[in-house]
Number of protein chains: 2
Amino acid sequence: MASKPLYRQVADTLRSEIAEGRFAPGAKLPSEREMIERFGAARGTVRAGLNVLITEGLISPGQGRGYQVQRHEVFTLDASSHENLLFSQREDGDSFSSEVKQAGRDPKQEFRVEVVEAPPEVSERLGIASGAPAVLRFCRRFVDDTPWSTQATHYPQWLVDSCPRLSSPGDIAEGTTRYLADQGVVQIGFHDEWSTRMPTPDEASQLQIGPGIPVLVWSRTGYTSEKPVRRTVTIFRGDLNRVTYDLGDLSAMQDEEGTVK
Amino acid sequence: MASKPLYRQVADTLRSEIAEGRFAPGAKLPSEREMIERFGAARGTVRAGLNVLITEGLISPGQGRGYQVQRHEVFTLDASSHENLLFSQREDGDSFSSEVKQAGRDPKQEFRVEVVEAPPEVSERLGIASGAPAVLRFCRRFVDDTPWSTQATHYPQWLVDSCPRLSSPGDIAEGTTRYLADQGVVQIGFHDEWSTRMPTPDEASQLQIGPGIPVLVWSRTGYTSEKPVRRTVTIFRGDLNRVTYDLGDLSAMQDEEGTVK
DNA sequence: AAGTGGTCTAGACCACGTA
DNA sequence: ACGTGGTCTAGACCACTTC
């Protein structure tokens with residue numbers, strides 16, 4: 001009989017107890033010392049089992065606090081209408097703030113602006129020389145004081161020359177997309193790329209996420225009718241975010257309550 | 001001085017050596033016993049450091065084989081044109097096979113068909129009663145014999161009545177979307193949802209992924225002009241896949257070589 | 001002060017892959 | 001057969017949180 005390793009039995013037992021609701025989201029698990037008794041295993045073995053659940057994103061440890069079952073309150077972003085000037089929706093400031101406020105939550109943002117040499121991946125997308133100057137607007141976003149996402153947008157230098165507020169430190173109240181449009185730079189097309197991976201140590205500390213939580217990476221290139229004007233890379237906490245796109249004719253789509261319109 | 005824990009120093013040292021290319025993708029790392037000498041640490045400590053890199057998706061261990069630097073050959077899926085009948089592109093069979101072949105790789109698929117009670121999440125999307133019968137077409141996909149994604153599509157019973165091949169076991173050669181269209185069920189709108197998370201143990205074994213690799217979850221609801229007709233949930237290996245959407249007018253977009261069209 | 005997880009050691013034996 | 005990682009033990013001391 002190929003019996004499972006002890007540490008896996010520990011993980012499997014706890015995982016199913018969590019799934020059954022024996023330990024609710026936010027609840028505390030028994031301490032390691034208690035589990036040592038319960039499973040008759042050494043501390044290292046119990047910790048190996050707990051580690052499996054940590055890397056699955058199911059629990060999070062806290063020194064002196066014990067292990068807690070992770071809670072997930074997912075925020076949904078509609079990427080197909082996000083920032084879309086074509087539909088001339090009324091927005092209160094930038095897209096992030098207005099969408100978060102509309103969900104009844106509290107948005108916060110930290111800004112930083114630098115002039116940098118465009119990294120290769122950016123310069124290629126923006127059609128400028130590698131190492132050419134670009135303005136980087138970086139921003140870290142919070143929802144209800146929880147770190148939510150980071151966003152880094154590169155603008156080519158030629159654009160900054162005609163839209164100088166891009167290089168001013170601090171927020172652009174009406175939103176950069178709106179500001180650019182007011183300057184005659186209207187974005188009418190987007191190319192989006194999505195991928196997922198585990199965070200780098202730097203991202204993990206910026207977003208305050210521990211092991212077991214992946215990030216969603218969103219790269220959007222914005223185009224006017226003539227050329228690309230910006231490259232935005234947004235990194236989301238994977239456990240708190242979901243994205244939607246609507247394609248084609250959705251007149252037959254149900255509303256949120258599941259009833260047909 | 002808050003000096004970092006030893007196991008973190010091990011992880012950080014190896015991570016930067018990998019980033020510098022000192023260990024190329026696919027290359028073997030020194031053995032644990034060698035690292036014990038190099039770092040002057042106990043085996044458990046070295047293993048803790050290696051574990052960090054495993055959960056970051058950077059290396060993968062193999063009993064008897066040693067540790068290898070992960071290789072990533074990313075496949076890009078264009079979700080905004082995927083399955084889109086409106087543009088009447090010519091497809092050789094189903095969308096997956098044709099796209100993989102077009103990339104010069106070798107697609108394989110395993111099929112399974114069942115009649116099930118629709119789970120709540122599906123019945124809500126399809127506008128049918130919870131627990132109502134539905135046909136589940138499940139499929140596991142491979143690229144060059146590497147497990148790539150799993151896909152589960154639910155069709156409501158009323159649709160199967162008029163399109164009986166949906167419940168036949170095995171592949172539908174021309175692709176189910178095409179088959180449905182030929183039967184007069186033309187999908188003209190999609191609602192897509194994307195999220196990421198760590199795989200369940202079941203998903204991890206289906207996709208042959210170890211710790212440190214997240215999955216991308218894609219849920220697509222397909223609509224005719226009248227109502228929803230299917231709900232497809234696709235689960236991708238996060239390390240091998242990337243998704244793109246094109247929105248609006250992209251006539252100004254560069255081609256792949258970075259030159260303007 | 002007491003209890004929690006965090007780090008670390010020094011062993012042991014097993015299971016797998018390669019040669 | 002040998003070297004690799006996989007599992008497991010039984011301790012020790014530290015750092016943090018809670019009371």
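Below, chain A is the first sequence line, B the second, and so on; all start at residue 1. Side-chain atoms are counted along with the backbone in the values below, which use heavy atoms only and exclude waters and symmetry mates. On a predicted model such as this, the values are computed, not experimentally measured, just so you know.
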TODO: In plain terms, say whether A:Arg38 and A:Glu17 are close enough for a salt bridge, that is, a side-chain N and a carboxylate O under 4.0 Å apart.
DONE: yes
Which of D:dT9, C:dC8, D:dT4 is nearest the side chain of B:Ser31? It is D:dT4
- Do the side-chain N or O atoms of B:Arg47 get closer than 4.0 angstrom to the phosphate oxygens (OP1, OP2) of D:dG6? yes
inquiry  = Donor-acceptor pair, distance only, cut-off 3.5 Å: does the side chain of A:Gln208 make one with the backbone of A:Thr146?
reply    = no
* Asked: Contact class for B:Ala48 vs. all strands (heavy atom < 4.0 Å): base, sugar-phosphate, or nothing?
  -> nothing
Atom CD of A:Glu32 and atom P of C:dG3 are separated, to the nearest Å, by 15 Å
A:Gln63 has its side chain closest, among D:dA12, D:dC8, D:dC16, to D:dC16
Task: A:Phe75 and A:Trp148 aromatic ring geometry - parallel, tilted or perpendicular at 30°/60° bounds - done: perpendicular
Rounded to whole Å, CD of B:Gln68 lies from P of D:dG5 at a distance of 11 Å
Contacts of A:Glu34 and B:Tyr7 projected onto DNA chain C by closest heavy atom; the upstream (5') one is A:Glu34
Separation of D:dC8 atom P from A:Gln9 atom CD, nearest Å, is 8 Å
Per atom distances to the B:Ala42 side chain, the nearest of D:dT9, C:dA10, D:dG5 is C:dA10
* **Below 4.0 Å: OP1/OP2 of C:dT9 and any side-chain N or O of B:Thr45** => yes
query: Salt bridge check: are A:Arg112 and A:Glu110 linked by an N-O gap of less than 4.0 Å?
result: no
In A:Arg220, A:Arg141, A:Arg137, the residue satisfying side-chain hydrogen bond (donor to acceptor under 3.5 Å, both in side chains) with A:Gln151 is A:Arg141
B:Glu37 CD to C:dT9 P, in whole Å, measures 14 Å
Looking only at D:dT7, C:dT9, D:dT18, the nucleotide nearest the A:Arg65 side chain is D:dT18
Quick note, B:Tyr67 side chain, CB onward, closest among D:dG5, D:dT7, D:dT17 is D:dG5
From CD1 of A:Ile54 across to C1' of C:dT4 the rounded distance in Å is 14 Å
Between B:Lys28 and A:Arg33, whichever has its closest DNA chain D nucleotide further toward 5' is B:Lys28
When A:Gly40 and A:Gly62 are each assigned the nearest nucleotide of DNA chain D, the 5'-most assignment goes to A:Gly40
Whole-Å distance, A:Ile36 CD1 to C:dG6 P, equals 13 Å
Rounded to whole Å, CZ of A:Arg43 lies from P of C:dT9 at a distance of 15 Å
B:Ile59 CD1 to D:dT4 P, in whole Å, measures 15 Å
